[in-house]
Amino acid sequence: MMKLMNAVKPYLAMVSLQFGFAGLYVITKVALNHGMNHYVLVVYRYLVATFVIAPFAFFLERDARPRMTLPIFLRITALGFLEPVIDQNLYYQGVKYTSATLASATANAVPTITFVLALIFRIESFNLKKLQSIAKMGGTVIMIPGAIIMTFYQGPAIFGGEKHHAESGDARVDKMQTHWVVGTVMLLARCWGWAGFSILLSVTLKQYPAELSLTTLICLTGTLGGAVVSFVAEPHLHPWKIGFGSGLLAAVYSGVVCSGISYYLQGVVMKERGPVFTTAFGPLGMIITAVISSIKLSESIGLGSVIGTLLIIFGLYTVLWGKSKDQTESTAAIDQRSIAQELPVTNTASSITFVKIDGDYVKKDVAES
C-alpha cells in the first residue's frame, strides 16, 4: 500500500497544481480586465511568494541548505529571469489580448519544447529501437499541429460566449481580432521561457537540493528583476495602488499557489521524474480553465480550440506513456545494479559463488585452493 501511495504521489501533486493554475488563469484575467498593470502584478506576486515561503525555508532547511557558490548563484539569477520576468510578463500581456482559455491552451506547447530541450541537453534519452522513445517523439510531433490549429483557427463557437458578445458588440469583436494574433504569439513565446526554466531548474536541483530555499531565492530574484522592469515600463506610482479588490486577490493567489507551492512541488517531483514529466499535465489545466471561463467569464470555446486540444491531449499523453515506460526501465536498472553490487556472493563453507552468464546469475562451484 505504501509503495502504491509513493507511486501515485507525483501524479496527485501535478494534477493538484493544474487546478491551481486553472484558478490563476481566471483570477488574473478578471484583475487585468479591471485595469491592473501586469508588470506590477508580477512584482507583487513574487513578493508575496517570497514572504510566504521564506520562513519555511529558514526553519525546515537550516541544516540541509547547501553552500552557495557562484555557479549556483548565476543559475538562480537566470531562473529568476526566465520564469518570473520573461514568462510572466509575456503571459499577462498575452492573456490581456486574448482569453484565459487560450492562455491555458497554449501552455500545452511547454511539454513539447521541454522535451526538445531535454534531448538537446541530454536530460532525456532517445533510441529508435525502443517503443517508448518513438512514442515520446511521435507525441511531440502530434502536438505541433494541435497548437497551430488552436492558435490561428478559432472557428464557430461550440458553447459559451453568447452573453459576453451580446453585451460587448462589434467593437469588442474588432478589438479581439486585432490583438488576437499578437497576444497568441506572446503566449507561445512565454512557453520557451517556461520550458527553459524547467530544464535549468532540474539541473540546479542536483547541485542545490533544498527545494524550499531554492524556491525562496528564485522568487526573491524574480521580485527584484520584475521591479526593475516595472519601474522602466511604468515609472508612475499610481499603478502600484491595487486596493483590496481583484488585484490583491490575484497577487496573493498567484504568489502563494502558483509560485510558492508550485515551485516547491515541481522541484520535489522533478528530482524523481524529470522536467518533461512535470510539464506534461497542461491539458488537464486547459480543460478546467475552459469550463470555468465559459461559466464565469462567458468566454466562447471555438471549434479550432476543440480540434487543437484533442490533438494536443493525444500527443501529450503519448509522451507521458513513453515517460512511464522509461521510469519502469530505470527502476529495473537500479534493482539490477543493486543485485550486481551484492554479487559475487561466496559461501566459504561450500565454496560456491555466483557468476553472470548471458545476463543471468548462475551458481558455480569453485575449487578450494
Side-chain angles (χ1 to χ4, degrees), residues 14-15 17-19 21-26 29 90-91 94-116 134-166 168 172-192 194-195 276 279-323:
M14 292 299 101
V15 170
L17 280 185
Q18 296 312 312
F19 279 92
F21 286 138
L24 168 71
Y25 293 129
V26 177
K29 177 64 175 178
L90 286 174
Y91 160 71
V95 76
K96 188 175 181 180
Y97 283 163
T98 57
S99 68
T101 301
L102 184 65
S104 62
T106 53
N108 294 326
V110 173
T112 304
I113 301 171
T114 305
F115 178 65
V116 172
I134 297 175
K136 289 189 294 184
M137 180 60 71
T140 301
V141 173
I142 291 172
M143 283 189 282
I144 296 174
I148 294 175
I149 292 173
M150 184 172 289
T151 301
F152 297 103
Y153 175 65
Q154 290 178 258
I158 302 299
F159 61 88
E162 292 80 6
K163 179 180 177 181
H164 178 80
H165 289 291
S168 301
R172 169 71 180 179
V173 175
D174 292 339
K175 182 179 179 181
M176 182 64 73
Q177 291 175 345
T178 301
H179 294 296
W180 189 269
V181 174
V182 176
T184 303
V185 170
M186 288 182 174
L187 291 173
L188 290 174
R190 56 87 63 147
C191 293
W192 285 92
W194 190 350
V276 175
T279 58
F281 290 82
L284 177 60
M286 188 223 56
I287 295 170
I288 299 169
T289 305
V291 174
I292 296 176
S293 299
S294 179
I295 297 172
K296 296 297 183 181
L297 302 180
S298 298
E299 290 184 354
S300 63
I301 298 178
L303 178 62
S305 296
V306 173
I307 296 174
T309 297
L310 291 176
L311 287 173
I312 289 173
I313 290 177
F314 178 76
L316 185 60
Y317 286 101
T318 302
V319 174
L320 195 60
W321 177 85
K323 285 293 297 176

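Worth knowing before you read on, the calculation uses all heavy atoms, side chains too, and leaves out hydrogens, waters and symmetry mates.
Pairing each heavy atom of L90 with each of R190, the nearest pair is CB-CB, 3.7 Å. Considering every non-hydrogen atom in both Y91 and L24, the closest pair reads OH-O, 4.2 Å. Scanning both residues, Y97 and G183, for their nearest heavy atoms gives CB-CA, 3.8 Å. The minimum heavy-atom distance linking I142 with L311 is given by the pair CG2-O, 3.5 Å. Scanning both residues, C191 and I113, for their nearest heavy atoms gives CB-CD1, 3.8 Å. Across T114 and A195, no two heavy atoms sit closer than the pair OG1-CB, 3.4 Å.
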